[in-house]
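Here is the structure we will look at.
A, B, ... follow the sequence lines: proteins, then strands. Residue 1 opens every chain.
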Protein chains: 2
Amino acid sequence: MTLLQMEDLMRSLTRPAFVLICSVFAPMLLFAQNRAPTHPLDALKTQEYWAVYDVLRDSGKIDSDTVTHSVLLHEPAKDRVLAWKPGDPIFREAEVILVRKGVTIEALVDIADRKLESWRERKDVQAPVTRNEFHELDEVMKKDPRVVEALKKRGITDLAPVACFADPFSYFALPEHEGHRIMMGGCSYTHGVYHGWSRDIEGLQIKVDATQKKVLQVIDEDITPVSEAPVNYQDLETAPRPGTTPIGVSQPLGASFQVKGSEVAWQNWRFRFRLDPRLGAIVNLAGIQDGNRFRSVLYEGSLSELYVPYMDPALGWANRVFIDAGEFYATGHILKPLRAEVDCPSNAVYFDSLAWEEHGFPVIHSQVACLFESYSGEPAWRHFEGHQLSGSGARVLVLRTAAVIGNYDYVLDWRFERDGNLRAAVGATGIVETKAVKAKDAVDSPGHSTAGAGDEFGHFVAENTVGVNHDHFFSFRLDVDVDGVNNSFMPMRLVKRQLNNPMRKSIWVAESSIAKSERDAMMDIHLDKPSMWHFVNPNVKGPLGYPTGYELMPGTTAASLLDPDDGPQKVGAFSAHQLWVTPYKQDERFASGVYPTQSKGDDGLAVWTKANRPIENTDIVTWYTLGFHHVTRAEDWPVMPVMWHDFVLRPFDFFPQSPVITLPPAP
Amino acid sequence: MTLLQMEDLMRSLTRPAFVLICSVFAPMLLFAQNRAPTHPLDALKTQEYWAVYDVLRDSGKIDSDTVTHSVLLHEPAKDRVLAWKPGDPIFREAEVILVRKGVTIEALVDIADRKLESWRERKDVQAPVTRNEFHELDEVMKKDPRVVEALKKRGITDLAPVACFADPFSYFALPEHEGHRIMMGGCSYTHGVYHGWSRDIEGLQIKVDATQKKVLQVIDEDITPVSEAPVNYQDLETAPRPGTTPIGVSQPLGASFQVKGSEVAWQNWRFRFRLDPRLGAIVNLAGIQDGNRFRSVLYEGSLSELYVPYMDPALGWANRVFIDAGEFYATGHILKPLRAEVDCPSNAVYFDSLAWEEHGFPVIHSQVACLFESYSGEPAWRHFEGHQLSGSGARVLVLRTAAVIGNYDYVLDWRFERDGNLRAAVGATGIVETKAVKAKDAVDSPGHSTAGAGDEFGHFVAENTVGVNHDHFFSFRLDVDVDGVNNSFMPMRLVKRQLNNPMRKSIWVAESSIAKSERDAMMDIHLDKPSMWHFVNPNVKGPLGYPTGYELMPGTTAASLLDPDDGPQKVGAFSAHQLWVTPYKQDERFASGVYPTQSKGDDGLAVWTKANRPIENTDIVTWYTLGFHHVTRAEDWPVMPVMWHDFVLRPFDFFPQSPVITLPPAP
């Protein structure tokens, strides 16, 4: 049987299922972005973007020099949202960032009342970069005679395939940058390839003033030939490995989740989500339908920031420290489309999202999220006893997006499990950033041998091409509301105790305590000082007398190794601890601050928590740092296989017994 | 549509697929256990057990008092296996443990030549316990007048529902135990329930001599009523949650793996496996078919030992420290059957295994392993660039077993991934061990409050029922053979470096070194001192000049908090480090030694490595400790939901580029 015949057969077998799926899913396609909002936490809708545009235009405060950098839903105060009921008027505000002649302007627009609520010029901050800014600076750099000369020295006279790219600084680098919008640029030579990754022109650095659209300085150091690493994966011939037979999900009666607007119901889970252009998927009001009772777990969960420092002191590399959400989201939308059958299985439904362009007009970004039930063949629980075999299969509801920031793709999952677990997972893939070097390979390069001190700053992934060492840190903001708004953080420390027992000299005991203030809740992972991180509601007792709770269980993660007073680390300071807890504040949403671009590190998690505010039995928010160090390998080239990291929120004395024990064997 | 109608529809839709699957799978059913071995690493076959029995019987050395405790394949020396070719004679030996009048006897039998090769009495060790031993001791304890009296004091006069259970010590507890086979027993009251878990009669401890079948001592302390925690999960009414639609795997053309005897081929993976009654699934000769070349990765991978210390100094609890494989495997088979559709999906094939009973006769243990392809809808890689969406879906081959040691079930996976990753995963489920207490719940018990110092030794899971704190440590033995037998361990440490750069004060650099001897390779996980664990072949260079290698990436894990010189910790000493590396020795297979029962900790990983033997560019074995602390929660009752932990062996400069980049989009 040929592969084609096999595929035909598979299609014919799955067609009835497909028809069914389509008919079940059809109603969901109605939830388009152009409808009026039905809930205060809905994403901004088409006509709301236009309303914002109208209000700003009619305010008389903008002119043709004013560029829209950001239009985001201004999330309402939590108490208002919790008090809101269907039928009530929906309060809607947009927070807008404009830039006019280099000055950042914050505007707050009341959408329903079509009113400009506030207008504030901020000379102390830098707005996130826009796509147009990138394009304009590309032209500016390519036209600079010093750049033209530097390229010529390298034998490059055809400038059409040259792409110059100015990166914002995520941190305040030098005193002379004060008050200026400074970026550090470089060029790549894209002849013969589909993108500039791996084609950097090393040794050439271009400092630009992004406001004046002017090249300030061209540093032309050493000439290193542009890498010729094989990078056109698009042109590779693909084939399944011999003997591969088709595999897929079978869900002949369609999905068992329901979507109404932005509200999802699945099994005993209920939640809302919106697709935010800065933060990606934001899960809201997630909780458990427990008989007739809805029990809250998470008022809001989302990525809060990403911090990616590179580890090479070379020209053009020391400045590569990215605060990926806050610096770059305004180039379009942090989320990029998903490819059906690759990123999500055939039983997935997809969602569009809106963002803005430079005038503030809404732009549709299609298929940037998917929702599906996953079944990997695992048990949810099982036990063998005597002649009995008991258990139940596991299935999971996955809300998936992919944040793509330049070269890197982050597959971002919220996974709802039937045992009450809520798992957040990050799958890193995409193209690693590489540096051209003169040495061909590890043998050729004494600085890149493996037996001793070599390989300091990176690792060859192709000839003359080194993947540069770097870190990835993700801050997840989790507004836990276990059985209500007021919660406490209760770390449980496992502490060794000596015994006077003839048979045992030592055990460990579990010591729980309530964190009184923020400093008590800065948690670091040490294998020799383990702790469990419980979020409890001291006002609600379970049947065994414990407060009901959820536990945050970290997965594999990493801590930052950089100096705390290093510029980049001050901006990415959330990476200093694996867990933080703060009291809820409406405007504390971004772990590296609202404006990480050229930041002095004076906003964000590490700054707010210096106040050491009380966090006991109040509305608290926890921040989990998921991180990993990345030393590249040959297998990461030309696109790295997905590497997953995750953490889980799991019920701990939330249910009176196992919530999956009454499920039948079939998943 | 009713649920029944839905199920009918699903059946009708999947029937063609089912027929196809059956016809594809049918040939596999021929690989039964009763055939002659076709490879030196095959599990012992039916007639081989009988041959061992015959040789021993005919030796004149055994009598009716001699009990067979263990009959295992004596794995041949590695060089002989590697030199072996199909058609060569197959050398087969069995290592047998017998017990006669309390004396342990080790016998080695040459199966092909039907010859007793060695016979050795070992007065210094204790054999693993057998099922018969448990049964006999149950009767002995229940007949002891002191026990009868103690039960009567508790109002228990009907002894039929009383089950007494003597646990072996995993460590040498007291000087007076020297030379005796001592167990510490207790009883449970199983009236109204299907098993004794949670029905322990607390305050009653019975010390027995298992050789003399004699109660040595009865300690009758305090009377605590037997727990009445609801434990009959078997009787609970089960129902899918409202709206649940069927979900399954669709693989209409059948599996794409091939099984021949104990050899498996899937995608570019090739490996063998056998199901060992002591260690479970043993993967052998795993590697990659790379064009015309077979490239070895792992000569052998298996669980080596499990160590489960409990953390309560109370009577009947301080002695609960289990070395789950080495102490208990002789009760039947460490693996227990899998339930179709719960433990493995519908596209799985199942495998039987053989063990022995007290005479050494073979016993078939059915359906103790399954093999299937899994597809959870994830991408293997993806990238978005401009208008392009590229990527490929992921699928995984899973070899699954479940080790059940009393109350606990460990789902054990070897997951072969298409990017060259080999993942080992442990899913812990089953019933937690509980202690009856007088306090009803956390409110009732000042020692179990949550606000302060309470909850020291455990956590209520039901009224009057406390799940006792404990650890789980798994030692995985991984005989890595990357591109050949001689490998080196090359840890890569990420070390902070200060910079004199105007823009950056610090970076980290990667420092690789070759571990010279065992002490250099004892690795502990510290987030502030991260390291990557590479196994390289210094004799084979990849195209970029690096030695070809595989990296062991740990997942979430734990370290033991116990005193190193505590009895239990001396036996479970492998838990002291997360990674160890040793030179290959044929007889170093069990991380806590061959005989952990009543061990003084004088065998095993921590003992062998004291010699600090050289490990550079030689045949090396690595040992990974996967561990977790377990404080129970209400949701763990009556059977805990599966909690997964894993680690992965991933190619690092083994392939010249991403091995999945040439795969088509469909998984």
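Formation of a donor-acceptor pair under 3.5 Å by the D653(A) side chain with backbone atoms of R633(B) is not found in this model. No donor-acceptor distance shorter than 3.5 angstrom exists from the side chain of S376(A) to the backbone of S376(B), with no hydrogens or angles considered. In this structure, the side chain of N501(B) engages the main chain of P313(A) through a donor-acceptor pair within 3.5 Å.
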- Task: Report the C-alpha distance between D409(A) and R382(B) in whole Å, list the side-chain angles of each, state the deciding distance to 0.1 Å, and finish with yes or no for salt bridge (charged side-chain N to carboxylate O under 4.0 Å, His left out).
- Result: CA-CA 7 Å; D409(A) 301 50; R382(B) 65 155 269 137; 3.2 Å; yes
- Test H383(B) against Y194(A) for ring pair (Phe, Tyr, Trp, His ring centres under 6.0 Å), laying out the working first. CA-CA 12 Å; H383(B) 184 56; Y194(A) 283 114; over 10 Å; no
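Every residue two or more places apart in sequence or in another chain was checked for a salt bridge (charged side-chain N to carboxylate O under 4.0 Å, His left out) with D419(A), and none qualifies.
When all heavy atoms are compared, the tightest approach of D566(A) to K505(B) is OD1-N, 2.7 Å. A pairwise comparison of heavy atoms in W637(B) and Q657(A) identifies O-CB, 3.4 Å as the closest pair.
To the nearest 0.5 angstrom, M311(B) atom CE is 5.5 Å from R504(A) atom CZ. To the nearest 0.5 Å, atoms NE2 (H526(B)) and CG (L527(A)) are separated by 8.0 Å. Between atom CD of residue E635(B) and atom CH2 of residue W381(A) there is a gap of 15.5 Å, rounded to the nearest 0.5 Å. Distance CZ/R418(A) to OG1/T244(B): 6.0 Å, rounded to 0.5 Å.
In terms of non-hydrogen atom pairs under 4.5 Å with chain A, the most contact-rich of D563(B), D528(B), V642(B) is D563(B).
Only the side chain of M553(B) comes within less than 4.5 Å of a heavy atom in chain A; its backbone stays farther off. Heavy atoms closer than 4.5 Å to chain A are found in the backbone of P554(B), but not in its side chain. Neither the backbone nor the side chain of P538(B) comes within less than 4.5 Å of any heavy atom in chain A. When heavy atoms are compared at a cutoff of 4.5 Å, R395(B) approaches chain A solely by way of its side chain, counted from C-beta outward.
Within the 4.5 Å cutoff, side-chain heavy atoms of P379(A) are placed close to those of V411(B). Side-chain contact check for L253(B) versus P246(A): some heavy-atom pair is nearer than 4.5 Å. Looking at heavy atoms from C-beta onward, L494(B) lies out of side-chain contact with N469(A) at the 4.5 angstrom threshold.
Using bins of under 30°, 30° to 60° and over 60° for the plane-to-plane angle, the ring pair H459(A)/Y546(B) lands in the parallel bin.
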